[in-house]
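Scroll down for the structure; my scribbles are underneath it.
Predicted model, so just to flag it, every value in this text is computed and none were measured.
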Amino acid sequence: MTTPIQTPIPAFLDEQKVDQVYRVPYQERATEAHVWAEQQGIRAASQDDFRICLLLIDVQNTFCLPEFELFVGGRSGMGAVEDNQRLCRFIYENLGVITAIAPTMDTHTAAQIFHPLFWIDANGKAPAPMTMIGYEDVVEGKWRVNPEMAPYMAADDIQQFALHYTRRLTQDSKYPLTIWPYHSMLGGIGHALVSAIEEACFVHSIARNNPTQYEIKGSNPLTENYSVLSPEVLEDSQGSAIAQKNQAFTDKLLSYDAVIVAGQAKSHCVAWSVDDLLAEITLRDSKLAEKVYLLEDCTSPVVVPDVVDFTDAANEAYQRFADAGMHRVTTQTPLRDWPGMSVSES
């Protein structure tokens, strides 16, 4: 059987629905996926000689749909929507050679250190979304932990931990603690993958006989988790572990011959995840960076007009990744023509 390098886009893809929430008709799609795979000569993923993982960072409604909490608009104002239109096409066109799809799922509840419920001011009021809380703010008592949260936190002295946490962010040159709007709420619609992307992942799993490899991140109430590979803070003030690096997922990613990275936001969770992956690569073998491909037209930076624009910071990070050996690529160039991408019809 000959496996095509590039497959046609199936008729059921409607790019105009990428910005909509809808129910995927699973059984219907499964039947179509089986027929489509047979027509296109698509083999099971287990038969791939060159194994490719498509890492999708937080392609969830909360970040990707304009009416949701943290829509990533980029400078165009419709960044994540446009990214996902291209990403859907990319998945279907390369379904015969993408071995695995691994979507990360930012996963939160109300009572987390970066949500308003966790903090109060001197008057007992919660901070507004997008408030920045620095170490000095906690020292001076401008912000303190909501005492009602203490029974639900795995920390002996939650106020002392807050001091430690904000101090560590400063010492490690991280962004100040940002109070984000409630988002990616477990059990809510915002937590779900964008419907069109979830549909593409489902079709891939059926056509290639390889289940989608979901990876949960961000559920620890005591630390932020921009990167899927490591929380921002790992220990409390006494050096006891509150979280740990995701070594198993790092090992899994690096076991592939190629890792393609897309998702949201380029300036935050994508950049942090790639940065942590590069740190691990540097410890192991710097040449491993050559197996990482940054799909630049399927990711956008955080831009809030007249408030903040992280485009330049995101591009600087990507250039640093490229200088280390990673590849900056777009969907405009066929995957088979990307440097080092050893795929062929067989």
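No side-chain donor from either of Thr223 and Glu232 sits under 3.5 Å from a side-chain acceptor of the other. Defined by atom type and a distance below 3.5 Å, a donor-acceptor pair is missing between the side-chain atoms of Thr331 and Arg86. Judged by distance alone, the side chains of Thr299 and Asp83 never bring a donor and an acceptor atom under 3.5 Å apart.
Within 6.0 Å of atom CD in Gln16, 12 or fewer heavy atoms from other residues, nucleotides or ligands are found, so the atom counts as exposed in its surroundings. When the shell of 6.0 Å around CD1 of Ile189 is examined, it contains 12 or fewer heavy atoms from other residues, nucleotides or ligands. By the 6.0 Å contact criterion, CD on Gln159 is enclosed, its count of non-hydrogen atoms from other residues, nucleotides or ligands being greater than 12. The local environment of CD in Glu28 is crowded, with over 12 non-hydrogen atoms from other residues, nucleotides or ligands closer than 6.0 Å.
A pairwise comparison of heavy atoms in Pro25 and Glu199 identifies CD-OE2, 4.2 Å as the closest pair. Considering every non-hydrogen atom in both Val59 and Gly263, the closest pair reads CG2-CA, 3.9 Å. Looking at every heavy atom in both residues, Phe68 comes nearest to Asn61 through CB-O, 3.2 Å. Pairing each heavy atom of Pro221 with each of Ala111, the nearest pair is CB-O, 3.4 Å. Scanning all heavy atoms of the two residues, the minimum distance from Asp48 to Gly96 falls at OD1-O, 4.5 Å. The heavy-atom pair separating Ala243 from Pro231 by the smallest distance is CB-CG, 3.6 Å.
In this structure, the side chains of Glu224 and Leu169 come closer than 4.5 Å at one or more pairs of heavy atoms. Counting heavy atoms from C-beta outward, Leu117 and Met149 have side chains that approach closer than 4.5 Å. At least one side-chain heavy atom of Gln213 sits less than 4.5 Å from a side-chain heavy atom of Lys252. The closest side-chain heavy-atom distance from Gln319 to Arg328 is below 4.5 Å. No side-chain heavy atom of Ile52 sits less than 4.5 Å from a side-chain heavy atom of Asp257. A 4.5 Å side-chain heavy-atom check between Ile113 and Leu222 finds every atom pair outside the cut-off. Between Tyr182 and His108, every side-chain heavy-atom pair lies at or beyond the 4.5 Å cut-off. Considering only heavy atoms from C-beta on, Leu56 comes within 4.5 Å of Leu87 through its side chain.
Among residue pairs with one or both ends in residues 185-211, those qualifying as ring pair (Phe, Tyr, Trp, His ring centres under 6.0 Å) are Tyr26-Phe202; sequence neighbours excluded. The stretch residues 120-131 participates, sequence neighbours left out, in no side-chain hydrogen bond (donor to acceptor under 3.5 Å, both in side chains) pair at all.
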With salt bridge (Lys or Arg N to Asp or Glu O under 4.0 Å) as the test, would you mind laying out the steps for Glu296 and Lys266 before giving the verdict? CA-CA 8 Å; Glu296 290 207 75; Lys266 182 179 182 180; 2.8 Å; yes
Dump the intermediate steps for salt bridge (Lys or Arg N to Asp or Glu O under 4.0 Å) on Asp251 and Arg284, then the final yes or no. CA-CA 11 Å; Asp251 293 341; Arg284 298 188 188 192; 2.3 Å; yes
For Val35 and Glu32, what are the C-alpha separation, side-chain angles and deciding distance, and is it a side chain to side chain contact (heavy atoms under 4.5 Å, CB included)? CA-CA 5 Å; Val35 172; Glu32 292 171 318; 5.8 Å; no
Quick one, Met341 with Tyr293, criterion side chain to side chain contact (heavy atoms under 4.5 Å, CB included). Give me CA distance, side-chain angles, the key distance, then yes/no. CA-CA 10 Å; Met341 192 62 73; Tyr293 297 79; 3.6 Å; yes
After noting the C-alpha distance and the side-chain angles of Ile133 and Tyr165, does the key distance pass the side chain to side chain contact (heavy atoms under 4.5 Å, CB included) rule? CA-CA 11 Å; Ile133 298 181; Tyr165 188 87; over 6 Å; no
Assess whether side chain to side chain contact (heavy atoms under 4.5 Å, CB included) is satisfied between Val24 and Glu198, documenting all intermediate values. CA-CA 8 Å; Val24 176; Glu198 193 238 336; 3.4 Å; yes
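Note on Phe71 and Met130: separate hydrophobic clusters, where clusters join Ile, Leu, Val, Met, Phe, Trp and Tyr whose side-chain heavy atoms are under 4.5 Å apart, directly or indirectly. Connection of Val307 to Val303 is not established within any shared hydrophobic cluster, with ILVMFWY side chains joined at heavy-atom distances below 4.5 Å, either directly or through further cluster members. With hydrophobic clusters built from ILVMFWY side chains whose heavy atoms lie under 4.5 angstrom apart, Val18 does not share a cluster with Phe12.
In the hydrophobic clustering, Leu253 connects to Leu55, Ile57, Val228, Leu229, Phe249, Leu254, Tyr256, Val259, Val261, Val270, Val274, Leu277, Leu278, Ile281, Leu288, Val292, Leu294, Tyr318, Phe321, Met326, either directly or through intervening members, whenever side-chain heavy atoms lie under 4.5 Å apart.
Without hydrogens or angle criteria, Arg208 side chain to Ile98 main chain gives a donor-acceptor distance under 3.5 Å. A side-chain donor-acceptor contact under 3.5 Å links His115 to the backbone of Thr109. Judged by distance alone, with hydrogens and angles left aside, the side-chain atoms of Thr330 form no donor-acceptor pair with the main-chain N or O of Asp297 at under 3.5 Å. Counting only distance, with no hydrogens or angles, the side chain of Asn220 and the backbone of Ile242 share a donor-acceptor pair below 3.5 Å. For Asp137 (side chain) and Gly134 (main-chain N/O), a donor-acceptor pair under 3.5 Å exists by modelled atom type. Distance alone, capped at 3.5 Å, is enough to place a donor-acceptor pair between the Asn210 side chain and the Thr99 backbone. Judged by distance alone, the side chain of Ser267 and the main-chain N or O of Pro301 form no donor-acceptor pair under 3.5 Å. A distance-only check finds a donor-acceptor pair linking the side chain of Gln264 to the backbone of Ser300 [under 3.5 Å].
Ring centers of Phe90 and Trp338: under 6.0 Å apart, within the cut-off.
Aromatic ring pairs are classed by plane angle as parallel below 30°, tilted from 30° to 60° and perpendicular above 60°; the pair Trp180 and His183 is perpendicular.
Partners of Ser76 under the side-chain contact (heavy atoms from CB on, under 4.5 Å) rule, at least two apart in sequence or in another chain, are Met78, Glu82. With sequence neighbours left out, Gln60 forms a side-chain hydrogen bond (donor to acceptor under 3.5 Å, both in side chains) with no residue at all. Residues that satisfy the side-chain contact (heavy atoms from CB on, under 4.5 Å) test with Gln171, not counting sequence neighbours, are Arg167, Arg168.
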